[in-house]
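One structure below.
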Amino acid sequence: MFFIADYLNDYTALYCIVISRIVMGVWTGGLQAIDASYITDVVQTKHKLRQFSELGIVALSGLVFGAVLGIIFDFAVFSIGPVKFDKFTWPGYSIFALIFIGTLL
């Protein structure tokens, strides 16, 4: 959606970005609840504390490193052929790359 928003006019792009952030937030919130219920059902009682701790570490690491990467990518502006990388397109490209890597693993 961020990639598409880059090619729309300013008024339409804003709505595209807002809608995509809402969908991403709902998806992430639902996924964390599913992860927690999966850990509760599948993991043995003696390992639950460690698994919940690791889940929390991963979630909080995403918040911290996401902000740091946002600052770094804000200043990284360049183009590779017709594809431009700037503070508006980095989130979409990053999400695509992470999903692609996750699919391969």
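One is the number of the first residue; the rest follow in order along the sequence.
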In short, side chain to side chain donor-acceptor pair (under 3.5 Å) pairs touching residues 53-68 with sequence neighbours left out are Arg50-Glu54
Residues passing the side chain to side chain contact (heavy atoms under 4.5 Å, CB included) test with Asp74, sequence neighbours excluded, are Lys87
Is it true that, when you exclude Phe85 itself, more than 12 heavy atoms of the residues, nucleotides or ligands shown sit nearer than 6.0 Å to its CZ? yes
Residues at least two apart in sequence or cross-chain that pass side chain to side chain contact (heavy atoms under 4.5 Å, CB included) with Val77, listed by chain then number, are Asp86
Exercise for review: Report whether Ile80 and Ile72 are members of the same hydrophobic cluster (ILVMFWY, side-chain heavy atoms less than 4.5 Å apart, transitive linking).
Suggested key: yes
May I ask whether Met24 and Ile99 are part of the same hydrophobic cluster, defined by side-chain heavy atoms of I, L, V, M, F, W, Y residues being less than 4.5 angstrom apart, directly or through others?
yes
For residues 52-75, the ring pair (Phe, Tyr, Trp, His ring centres under 6.0 Å) pairs (sequence neighbours left out) are Phe73-Trp90
Hits for side chain to side chain contact (heavy atoms under 4.5 Å, CB included) against Leu104, two or more places apart or cross-chain, chain-then-number order -> Phe100
OG1 of Thr45 to NE2 of His47, rounded to nearest 0.5 Å, is 9.5 Å
Indicate, with yes or no, if Leu63 and Ile22 share a hydrophobic cluster defined by side-chain heavy-atom contacts under 4.5 Å among Ile, Leu, Val, Met, Phe, Trp and Tyr. no
Residues passing the side chain to side chain contact (heavy atoms under 4.5 Å, CB included) test with Leu98, sequence neighbours excluded, are none
